[in-house]
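Report on the structure given below.
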Amino acid sequence: MSGTSLASVLGDARLMPVLTVPSTASAGPLAEALAAGGARCAEVTFRTPDAEQVLKTMAAHGGLTVGAGTVLTPEQAERAVAAGARFVVSPGFDDEVVAKCRELGVPVVPGIATATELMRALKAGLDTVKLFPAEPLGGLRTLRALAAPFPGVRFVPTGGIDAYRMAAYLADPAVLAVGGSWMATPALLQSGDYEEIRRLTADAVERSRT
């Protein structure tokens, strides 16, 4: 892989808002709300038609390190990085996506759910993976079981985690950061309630530090 690791890109940010943003118009106010709440990074999922422009707008804000999520193909990875993504996250492990990110020089965090997938990631030269979907897979208990035979691996668990479950994950030394969407749900974005997004983000950031 490239010499850039996810840890170096995120710094000491341990909370990663995972965002599915319905329109480009939401991107600027959303970036402001997240930054005002103390978030330092965010993942924009490629699940909407405007995702690429949303990522570009949020990356240009300057207050957040923005990455692309739900990246399924090398072409999406290329477009994401061109739009300003500093890292790439995928729901599963794909050799071509990993190779493209290596070529582009950005950290890639593939999703894994089994020890076999984790071994594939290690063979590809990666040391950070996303446990997804974390809670449906068994949560922290599963993460610890996977971490035990692979002590050098760091995890970014995502899927079903909320403000109350987050602290237990972050207390585990194998966890680099936690991803979640509760700070900026589709409903909050649809209603334009950026003050509530700021409040929930500030609460999550505070919890992540305790």
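In what follows, every heavy atom counts, from backbone to side chain, and hydrogens, waters and symmetry copies are set aside. Model, not experiment: these values are computed from the prediction.
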I'd like to check W182 versus M166 (side-chain heavy atoms, cut-off strictly below 4.5 Å). Are they in contact? yes
Below 4.5 Å, heavy atoms only, C-beta onward: do C41 and L64 meet side chain to side chain? no
With side chain to side chain contact (heavy atoms under 4.5 Å, CB included) as the criterion, how do M16 and L10 come out once you've worked through the C-alpha distance, each side chain's angles and the decisive distance to 0.1 Å? CA-CA 9 Å; M16 186 184 296; L10 297 186; 3.9 Å; yes
Test of understanding: clusters of I, L, V, M, F, W, Y form through side-chain heavy atoms closer than 4.5 Å, transitively. Do V153 and V156 belong to the same one? no
Can any side-chain N or O of R102 pair as donor or acceptor with the backbone N or O of A124 at less than 3.5 Å? yes
Just verifying a value: how many Å separate L30 CG and Y194 OH, rounded to the nearest 0.5 Å? 6.5 Å
d(I197 CD1, T185 OG1) to nearest 0.5 Å is 7.0 Å
Between OG on residue S23 and CD on residue Q53, distance to nearest 0.5 Å: 11.5 Å
Consider only side-chain heavy atoms of I, L, V, M, F, W and Y, link residues closer than 4.5 Å, and tell whether V109 and L122 are in one cluster. no
Hydrophobic cluster membership, V9 vs M58, 4.5 Å side-chain cutoff: no
Let's go through V44 and V54 carefully: what are the C-alpha distance in whole Å and the side-chain angles of both, what is the deciding distance for side chain to side chain contact (heavy atoms under 4.5 Å, CB included) to 0.1 Å, and is it a yes or a no? CA-CA 8 Å; V44 175; V54 167; 4.0 Å; yes
E195 atom CD: more than 12 heavy-atom contacts under 6.0 Å: yes
Where is the tightest heavy-atom contact between A51 and T45, given as atom of each residue plus distance? CB-O, 3.4 Å
Side-chain donor-acceptor contacts of residues 65-75 below 3.5 Å, not counting sequence neighbours, with atom names and distances?
from, atom 1, to, atom 2, distance (Å)
T70, OG1, R47, NE, 3.0
T73, OG1, Q76, N, 3.1

Just so I know, are the side chains of V108 and L126 near enough to count as touching, which here means a heavy-atom distance under 4.5 Å? yes
Assess whether a salt bridge exists between R199 and D203, defined as any Lys/Arg side-chain N lying under 4.0 Å from an Asp/Glu carboxylate O. no
Minimal heavy-atom distance between M183 and L15, with the atoms involved, is SD-CD2, 3.7 Å
Does R144 come within less than 4.0 Å of D172, counting only side-chain N to carboxylate O? yes
Is the backbone N or O of L170 less than 3.5 Å from a side-chain atom of R14, with the two atoms forming a donor-acceptor pair by type? yes
Check the pair T24, T57 against side chain to side chain contact (heavy atoms under 4.5 Å, CB included), reporting the backbone distance first and the verdict last. CA-CA 8 Å; T24 306; T57 300; 4.1 Å; yes
Quick check: do C101 and F87 have side-chain heavy atoms less than 4.5 Å from each other? no
Would the number of heavy atoms belonging to other residues, nucleotides or ligands and lying under 6.0 Å from NZ of K56 be above 12? no
Could you grab the distance from atom CG of L200 to atom CD of E196, nearest 0.5 Å is fine? 4.0 Å
Check L146 against A115 and note the closest heavy-atom contact, atom names and distance. CD2-N, 3.6 Å
Within the 4.5 Å heavy-atom criterion, are K130 and P110 side-chain neighbours or not? no
Closer than 3.5 angstrom, by distance alone: can the side chain of T48 be matched with the main-chain N or O of V21 as a donor-acceptor pair? yes
Is any side-chain heavy atom of S5 closer than 4.5 Å to a side-chain heavy atom of P107? no
Path from V97 to V18 over hydrophobic side-chain contacts below 4.5 Å: no
For a quick test of reading the model, state the closest non-hydrogen atom pair linking A42 to L19 and the distance between them. CB-CD1, 3.8 Å
Which atom of A121 lies closest to which atom of V129, heavy atoms considered: CB-CG1, 3.7 Å
Common cluster, L143/F150, ILVMFWY with side-chain heavy-atom separation under 4.5 Å: yes
With side chains defined as the heavy atoms from C-beta onward, is the minimum distance between F155 and T128 less than 4.5 Å? no
So, taking the atom named CD1 in I161 and the one named CZ in F132, what distance separates them when rounded to the nearest 0.5 Å? 10.5 Å
Provide the closest heavy-atom pair for L176 versus A7 in the form atom of the first, atom of the second, distance. CD1-CB, 4.0 Å
Is there side-chain contact between L131 and T158, with heavy atoms separated by less than 4.5 Å? no
State the CZ-CD distance between F93 and E117, to the nearest 0.5 angstrom. 9.5 Å
